[in-house]
2 protein chains.
Amino acid sequence: MSAGRSDIVEAAFRLFAERGYDATSVDDIAAAAGVSRSTFFRSYGSKEAVIFPDHDALLQRVEDRLRSSHADSALAAVVDAVKIVLFHYVAEGERARERYRLTSSVTALRERELWGGLRYQRLFRAYLGRWGDGSEAAELNAELMAASVVAAHNRVLRRWLRGEIEDPQREIEHALAAVQRTFAPGGAGAVGAVVVVTSSAPLARIEAAVRQALAEDGS
Amino acid sequence: MSAGRSDIVEAAFRLFAERGYDATSVDDIAAAAGVSRSTFFRSYGSKEAVIFPDHDALLQRVEDRLRSSHADSALAAVVDAVKIVLFHYVAEGERARERYRLTSSVTALRERELWGGLRYQRLFRAYLGRWGDGSEAAELNAELMAASVVAAHNRVLRRWLRGEIEDPQREIEHALAAVQRTFAPGGAGAVGAVVVVTSSAPLARIEAAVRQALAEDGS
DNA sequence: TGCCTGCTGAGACTTAGTCTCACTTGAAGA
DNA sequence: TCTTCAAGTGAGACTAAGTCTCAGCAGGCA
């Protein structure tokens with residue numbers, strides 16, 4: 001009776017959908033999957049964890065991406081890495097939506113999910129902090145950027161899970177571009193040069209040209 | 001033996017500090033407080049909740065402050081409201097630091113705390129969203145601002161809990177001012193007028209004057 | 001005195017999670 | 001072919017959180 005790990009996850013999601021999370025005991029899941037209670041806990045550690053089976057692997061992938069990043073700014077690297085997470089869930093499809101239904105209705109699962117999300121935030125914050133000069137302003141900025149990237153991700157993911165958007169790729173690009181604009185040097189408290197352009201071109205075109213140049217400049 | 005609610009909290013913190021969270025059972029706490037197990041659960045609902053006894057009241061105070069706010073911008077109102085939370089914990093003093101030690105070492109408590117923090121973020125996000133024009137850009141911005149305000153608060157609180165700073169008032173003002181600068185109109189994607197000033201004053205003074213004028217302008 | 005209300009304690013019960021022990025299986029090695 | 005070792009599995013005891021029910025008990029009131 002080689003009931004593998006995946007059978008347990010399948011059985012759990014099926015029973016949760018049929019009877020609800022609270023009304024499903026671990027014994028029920030184990031029995032439905034054809035394994036013992038012992039095996040269930042050995043495999044997933046807790047009833048909550050079976051909902052997030054490949055969380056650790058995903059976090060590891062994000063960490064690897066960050067480590068090997070060649071982006072020209074810390075924020076760009078984080079923005080790039082966070083897409084891995086979004087696309088992972090999008091690729092899960094209906095399974096991700098089942099999980100969303102569960103986490104929306106069961107407090108314990110929502111807490112667990114938040115805890116997972118905060119792990120990304122801490123990872124990003126640590127990475128962003130390493131690029132700073134160690135000043136309090138830089139540390140705080142790293143904190144704000146990490147929180148904002150995660151918030152942008154969460155917004156796009158949540159809207160996709162609810163079926164409010166069709167093209168998550170496009171939405172995440174836009175949302176993360178907004179984050180980068182918000183935290184772009186010159187956007188925050190920095191002051192630099194004032195460039196006076198004398199031109200007959202419309203203001204909007206001048207603005208667009210300057211923005212593009214600054215974006216290409218990177219840092 | 002009229003053992004009130006506060007006795008339970010006192011007993012719980014004392015035992016947690018002496019033996020650790022996991023090694024202290026609810027029966028231990030109830031016995032130490034001179035009440036029954038039943039009374040413990042009736043009063044606090046769970047072993048975790050006894051660590052955060054006045055959480056709901058605090059959230060209510062923040063909500064009231066937001067509702068009655070006359071700040072001239074949504075972000076300013078939220079920035080003002082979040083200080084209630086910080087100063088509440090600062091006023092708790094050593095008790096807040098005991099809680100920090102517990103939440104730092106016990107995963108279940110950390111999750112509970114995060115869940116509490118996210119409730120503020122959702123509250124702020126809802127408030128900020130009501131000031132927007134309903135566009136996706138405005139909604140996303142509300143999300144980013146709420147996340148950043150909470151992140152700034154958390155940073156200052158954490159540093160105070162660790163004893164890294166002496167003047168939380170000053171630190172929170174600085175941190176929240178940084179948030180407001182980051183999200184100030186003109187800092188993000190907005191474009192307006194370019195004002196050319198001809199003056200012999202130093203650039204820094206001109207910048208300061210303009211910033212102050214913009215800050216007073218509000219929105 | 002009798003009644004009602006709210007708080008309390010006792011204790012049974014369910015379930016998550018831990019731990020220990022015994023069994024199987026399958027591969028490596030003499 | 002027999003031995004042995006490792007890894008995975010199941011059975012079941014045990015602890016503790018949390019729920020629920022019932023019974024008592026104090027105090028206010030007619």
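Protein chains get the first letters and strands the later ones, always in sequence-line order, with residue 1 at the start of each. Computation of the quantities below employed the complete heavy-atom set of this structure, encompassing side-chain atoms and omitting hydrogens, waters and symmetry-equivalent molecules.
- Under 3.5 Å, the side chain of Arg42(B) and the base of dG9(C) form at least one donor-acceptor pair of N or O atoms.
- For the pair Val26(A) and Ser36(B), nearest-nucleotide mapping onto DNA chain C gives the more 5' position to Ser36(B).
- Across dG18(D), dT15(C), dG17(C), the shortest atom-to-atom separation from the side chain of Phe41(A) is found for dG17(C).
- Between Tyr89(B) and Arg99(B), the side chains place no donor N or O within less than 3.5 Å of an acceptor N or O (distance only, hydrogens not considered).
- Protein atom CD1 of Ile29(A) is 11 Å distant from nucleotide atom C1' of dA16(C), rounded to whole Å.
- Distance Arg112(A) CZ to dA16(C) C1': 13 Å, rounded to the nearest Å.
- Scanning atom types as modelled, no donor and acceptor separated by under 3.5 angstrom connect the side chain of Arg37(A) and the base of dG12(D).
- One interatomic measurement links the two molecules: CG of Asp27(B) to P of dA12(C), which rounds to 14 Å at whole-angstrom precision.
- With rounding to whole Å, Lys47(B) atom NZ is found 21 Å from dT15(C) atom P.
- Looking only at atom types and distance, the side chain of Tyr127(B) has no donor-acceptor partner in the side chain of Arg67(B) under 3.5 Å away.
- Ring geometry for Phe52(B) versus His55(B): interplanar angle over 60°, hence perpendicular rather than tilted (30 to 60°).
- With rounding to whole Å, Phe40(B) atom CZ is found 11 Å from dG18(D) atom C1'.
- Between the side chain of Ser38(A) and the base of dA11(D), a donor-acceptor pair under 3.5 Å is found.
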Criterion side-chain contact (heavy atoms from CB on, under 4.5 Å) on Glu92(B) and Asp54(B), from CA distance to verdict: CA-CA 11 Å; Glu92(B) 274 192 324; Asp54(B) 37 17; 4.3 Å; yes

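- Following rounding to the nearest Å, Tyr44(B) (OH) and dA17(D) (P) show an atom-to-atom distance of 17 Å.
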